[in-house]
Amino acid sequence: MPQPDELAQPEELSTLSKVSTPSALRRLHRGELPSDTVLLARYLIGKLLVHDVLDGRLSGRIVETEAYVSDDAASHAYRGLTTRNRSMFLERGHAYVYRIYGAWDCVNVSSEPPGTGAGVLLRALEPVQGVTVMQARRGTTRVLDLARGPGRLALAMQIDRREDGVDLCAGGPLWLGAGGAAAVVIGESVRIGITREAERRLRFYERANPFVSGPPRLRA
DNA sequence: TATGAGATTGGCT
DNA sequence: GCCAATCTCATAG
């Protein structure tokens, strides 16, 4: 028997009151994005990821990111340009979507100047709009679990490798947004699920937000 | 050319 | 807690 807070809520009540009304939503332009990967990873916490699809608008508040900097052995771009990672070398604000473990797609935002391979992995969202569509795609009614984790996030947001290389700042259906003024308390930790460069504290998240992934000590 | 590991998740023990 | 699913790349032969 699901608990009340796990059940689907009406669209207008699904944001835990942390996000401003949709009317305040606006697109981020590239000039607002920090070029530096770590600064971008921090900057994106509290911003919105929006995907306008046939079923309507899907959006979520970004609550967890990881930085994959240049000269980082954990980064897909560490050994140079390949067909898979080429989007990491684009100008900041492009999507890098890759498949992991043969099963799940993960979404990154490219960073650094063109030609430098780096990016910010989006690890978790707090769903804002299109919750019922996300529930159908994810096969669960648990709003907390819809986009908690990078593979879940991509599935909920209807993002797959077709979006690889898309410019998130070009006025297209997949974009980055900002809502009203909401104070964000950012925590940092080591990154999740990697072995190389495991000691670097390049994961950022909104403190105490229940939509953040990872064990409790990495969410506090 | 073959094989193993990886920025994960869901289902089962 | 363990394990399979199954794609891309690095490394070995």
Side-chain angles (χ1 to χ4, degrees), chain A residues 2 6 36-45 49 60 62-90 92 94-112 116-127 134-166 168 186-206 210-219:
Chain A
E6 296 170 342
D36 177 85
T37 306
V38 171
L39 293 182
L40 179 62
R42 288 181 166 276
Y43 174 84
L44 289 176
I45 301 294
L49 181 66
I62 298 167
V63 296
E64 181 183 359
T65 63
E66 285 180 354
Y68 287 85
V69 299
S70 59
D71 195 28
D72 174 359
S75 169
H76 288 175
Y78 183 62
R79 289 175 176 79
L81 186 70
T82 67
T83 52
R84 178 178 67 158
N85 69 21
R86 60 195 167 88
S87 298
M88 295 187 80
F89 293 79
L90 297 174
R92 70 188 189 278
H94 287 75
Y96 165 49
V97 185
Y98 69 93
R99 174 149 290 194
I100 188 68
Y101 297 118
W104 307 94
D105 290 329
C106 299
V107 184
N108 299 248
V109 179
S110 67
S111 57
E112 304 294 332
T116 298
V120 175
L121 172 68
L122 305 182
R123 285 196 56 93
L125 300 181
E126 177 179 332
M134 294 183 191
Q135 287 170 322
R137 285 196 53 90
R138 287 273 295 104
T140 179
T141 59
R142 293 174 181 251
V143 176
L144 276 178
D145 289 341
L146 287 180
R148 196 181 66 184
R152 293 164 166 176
L153 181 156
L155 192 55
M157 290 295 291
Q158 297 195 23
I159 298 170
D160 60 36
R161 286 169 294 171
R162 286 173 296 191
E163 276 76 38
D164 181 40
V166 162
L168 302 172
I186 296 177
E188 69 170 56
S189 79
V190 296
R191 293 172 289 185
I192 290 178
I194 62 168
T195 54
R196 294 186 293 246
E197 310 247 12
E199 77 290 348
R200 298 180 80 165
R201 296 172 67 80
L202 292 173
R203 172 177 172 268
F204 305 96
Y205 58 97
E206 181 174 24
F211 294 89
V212 172
S213 75
R217 67 184 176 80
L218 295 185
R219 296 193 273 111

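In this text, all values refer to a predicted model and were calculated from it rather than measured experimentally. Values below: every heavy atom of this structure, side chains too, minus hydrogens, waters and symmetry copies. In what follows, chains carry the letters A, B, and so on, assigned in the order in which the sequence lines appear, proteins first and then strands, with residues in each chain numbered from 1.
- Of the C1' atoms belonging to C/dT8 and B/dG10, the separation is 22 Å, rounded to the nearest Å.
- Here the OG1-CG distance, from A/T116 to A/L90, works out to 11.5 Å after rounding to the nearest 0.5 Å.
- Rounding to the nearest 0.5 Å gives a distance of 11.5 Å between OG1 of A/T65 and CD of A/E206.
- As judged by a 4.0 angstrom heavy-atom cut-off over every strand, A/R191 is placed among residues making no nucleic acid contact.
- Residue order along DNA chain C, read from the 5' end via each residue's closest nucleotide, puts A/W104 first among A/W104 and A/R161.
- Between A/A124 and A/L153 the shortest heavy-atom distance is N-CD1, 3.5 Å.
- Counting only residues at least two apart or in different chains, salt bridge (charged side-chain N to carboxylate O under 4.0 Å, His left out) contacts with residues 62-83 of chain A comprise A/E64-A/R123, A/E64-A/R203, A/E66-A/R123, A/D72-A/R191.
- Counting only N and O atoms by type, the side chains of A/T37 and A/E112 include a donor and acceptor under 3.5 Å apart.
- Reading DNA chain B from its 5' end, the first and the last nucleotide to sit under 4.0 Å from a heavy atom of chain A are B/dG6 to B/dG10.
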Each base of DNA chain C marked ( ) or [ ] if paired in-strand (Watson-Crick or G-U under 3.5 Å), | if paired to another strand and . if unpaired gives |||||.||||||.
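- Of all heavy-atom pairs between A/P127 and A/V143, the closest is CG-O, 3.9 Å.
- A/R137 places no side-chain N or O within 3.5 Å of a backbone atom of A/M157 that could act as its donor or acceptor partner.
- Counting any heavy atom pair closer than 4.0 Å across all strands shown, A/N108 reaches a base atom.
- Among all heavy-atom pairs drawn from A/L121 and A/P150, the shortest one is CD1-CB, 4.2 Å.
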Go through it in stages, so that I can follow the logic: the residues are A/S75 and A/M88, the test is side-chain contact (heavy atoms from CB on, under 4.5 Å), and I'd like the CA-CA distance, side-chain angles, deciding distance and then a yes or no. CA-CA 10 Å; A/S75 169; A/M88 295 187 80; 3.6 Å; yes
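- The nearest heavy atom of DNA chain B to A/P150 and to A/T195 marks one nucleotide each, and the one closer to the 5' end goes with A/T195.
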Can you list, pair by pair, the side-chain donor-acceptor contacts under 3.5 Å of residues 101-108 of chain A, counting residues two or more places apart and other chains?
{"residue": "A/D105", "atom": "OD1", "partner": "A/R99", "partner atom": "NE", "Å": "3.1"}
{"residue": "A/D105", "atom": "OD2", "partner": "A/R99", "partner atom": "NH2", "Å": "3.4"}
{"residue": "A/N108", "atom": "ND2", "partner": "A/Y96", "partner atom": "O", "Å": "3.2"}

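- For the contact set between residues 197-205 of chain A and DNA chain B, defined by any heavy atom under 4.0 Å, there are no members.
- No donor-acceptor pair under 3.5 Å is formed between the side chain of A/R138 and the backbone N or O of A/M134.
- B/dA7 and C/dG1 have their C1' atoms separated by 22 Å, with the value rounded to a whole Å.
- Taking CG of A/L144 as the start and CZ of A/F211 as the end, the distance is 5.0 Å to the nearest 0.5 Å.
- In 5' to 3' order, the nucleotides of DNA chain C bounding all contacts with chain A (an atom under 4.0 Å from a heavy atom) are C/dT6 to C/dT11.
- Formation of a donor-acceptor pair under 3.5 Å by the A/D36 side chain with backbone atoms of A/L39 is found in this model.
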